[in-house]
Amino acid sequence: MGKDVIIALDFDSREKTLAFLDRFAGEERKPFVKIGMELYYAEGPAIVREIKARGHKIFLDLKLHDIPNTVKKAMAVLSGLDVDMTNLHAGGTKAMMEAALEGLTRPDGTRPLLIAVTQLTSTSQERMEQDLLIEKPLDQVVLHYAKCAADAGLAGVVCSPLEAGKVHETCGENFLTVTPGVRFADGEVGDQVRVTTPAKAKEIGSDYIVVGRPITQAEDPVAAYRRCVAEFVG
Ligand code: C5P
C-alpha cells in the first residue's frame with residue numbers, strides 16, 4: 001500500500017475549492033484530496049464528480065452512522081461517485097459496518113477503501129465516561145473499535161498518528177491507518193491537541209496523513225504540500 005498525503009479541502013464553496021486546486025495545475029503529482037461534510041453539504045455530489053474529473057483521488061469523509069439498512073443504501077449511492085476512500089463511525093456496530101461494505105461493493109466486485117472512525121480525537125476520556133458511559137481507557141476503546149472494523153472486513157481506521165503503531169500491532173500491517181493531526185515542526189498547532197510532524201507520522205507507521213490548514217492556509221500551498229510529501233513519502 002503506497003503512502004500518501006491527503007489534503008483536507010475544508011472550504012465552503014466550489015469557487016474557493018477550485019481556486020485552491022488551480023494552484024496545483026502544473027504539479028506532476030495530482031494531490032489526493034479529502035472532501036468533508038462542509039464542502040459536500042454546500043455543493044453536493046457535483047463537486048465530487050468535478051474534482052474527480054480533474055484527476056484527483058478522493059477521500060469522501062462523511063462519517064456515516066445510522067441503522068445498517070440505511071447505511072448500506074447510502075453507501076451504494078456513494079460508490080457510484082467513484083471515490084477512492086470513504087468512511088463511517090465504528091460506533092454504529094459491526095453489523096452496520098458489514099452492511100456498509102455490502103452496499104459499497106460495485107457489481108464488478110470493486111469498491112472504494114472503507115475506513116472507520118474510532119473515537120473522534122475531539123473526545124476526551126472524561127467526556128467519553130460522562131457522556132457516553134464508556135469507562136475503559138480511551139486507547140483500549142480505540143483499539144477495540146479498530147479490531148471490530150477489521151473483523152467486519154474494513155480496510156482501516158482514522159486515528160491519531162500516535163495510535164497508528166498500536167493499531168498495526170493489533171490489526172496487522174496491511175490494515176490502513178489514516179491520520180489527521182499533522183503539523184510541521186515549525187508550524188502552528190491550532191485546535192489540534194496531539195500532533196506529529198509528517199516525518200514522525202511516517203516513522204510511527206501511518207499509511208496516509210490528512211493535512212488541512214498547514215497546506216490550505218500556507219502562504220505557498222504548493223510548497224507546503226511538496227514539503228509534506230518529501231517528509232512523509234520521501
Ligand atoms: O486543518 P487540519 O490539518 O487540522 O485538518 C485536519 C482534517 O482532518 C480536518 O478536515 C478534520 O475534520 C479531519 N479530522 C481530524 N480529526 C479526526 C477526524 C478527522 O482532524 N479525528
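All heavy atoms count here, side chains included; hydrogens, waters and symmetry mates do not. Start at 1 and go down the list; that is how both ligands and their atoms are numbered. As the structure is a prediction and not an experimental result, all values here were calculated from the model.
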Identify, for [atom], the protein heavy atom at the shortest distance, and state residue, atom and that distance.
atom: atom 16 (N) of ligand 1; result: Thr121 OG1, 3.2 Å
atom: atom 20 (O) of ligand 1; result: Gln192 NE2, 2.9 Å
atom: atom 9 (C) of ligand 1; result: Asp10 OD2, 3.3 Å
atom: atom 8 (O) of ligand 1; result: Pro180 CB, 3.5 Å

**N/O separation below 3.5 Å, Val182 to ligand 1** = no
**Request:** May I ask you to check if ligand 1 and Asp61 share an N or O to N or O distance below 3.5 Å?
**Result:** no
**Request:** Given side-chain hydrogen bond (donor to acceptor under 3.5 Å, both in side chains), test Thr110 with Arg106 step by step and report yes or no.
**Result:** CA-CA 5 Å; Thr110 63; Arg106 304 182 185 103; 3.1 Å; yes
**Message:** Pair Ile51, Leu9 - check side chain to side chain contact (heavy atoms under 4.5 Å, CB included), show working.
**Reply:** CA-CA 11 Å; Ile51 293 174; Leu9 296 177; 3.9 Å; yes
**Request:** For Arg183, counting its heavy atoms only, list the atoms of ligand 1 lying under 4.0 Å from any of them.
**Result:** 1 (O), 2 (P), 3 (O), 4 (O)
**Request:** Enumerate the atoms of ligand 1 whose separation from the nearest heavy atom of Arg213 is less than 4.0 angstrom.
**Result:** 1 (O), 2 (P), 3 (O), 4 (O)
**Request:** Start with the C-alpha distance between Phe32 and Tyr208, add both sets of side-chain angles, then the distance that settles ring-ring contact (aromatic ring centres under 6.0 Å, His included), and finish with yes or no.
**Result:** CA-CA 10 Å; Phe32 196 144; Tyr208 294 90; 5.8 Å; yes
**Asked** Looking only at non-hydrogen atoms, which of Ser160, Cys159, Ser122, Gly212 approaches atom 3 (O) of ligand 1 most closely?
**Response** Gly212
**Prompt:** Do side-chain atoms of Lys3 reach the backbone of Gly234 as a donor and acceptor pair under 3.5 angstrom?
**Reply:** no
**Asked** Does the Asp84 side chain pair with the main chain of Phe59, one donor and one acceptor, at a distance under 3.5 Å?
**Response** no
**Item:** Plane angle bin for Phe11 and Phe20 - parallel if under 30°, tilted between 30 and 60°, otherwise perpendicular
**Value:** tilted
**Request:** Return the orientation label for the Tyr225 and Phe24 ring planes: parallel under 30°, perpendicular over 60°, tilted otherwise.
**Result:** perpendicular
**Item:** Close approach of Gly36 to ligand 1, heavy atoms, under 4.0 angstrom
**Value:** no
**Prompt:** Would Lys34 count as a contact of ligand 1 if the rule is a heavy atom under 4.0 Å away?
**Reply:** yes
**Request:** Work out which heavy atom in Val71 is nearest to a heavy atom in Asp66; give both atom names and the distance.
**Result:** CG2-N, 3.5 Å
**Complete:** Honestly, for Pro214 the part within reach of ligand 1 (heavy atoms, under 4.0 Å) is side chain
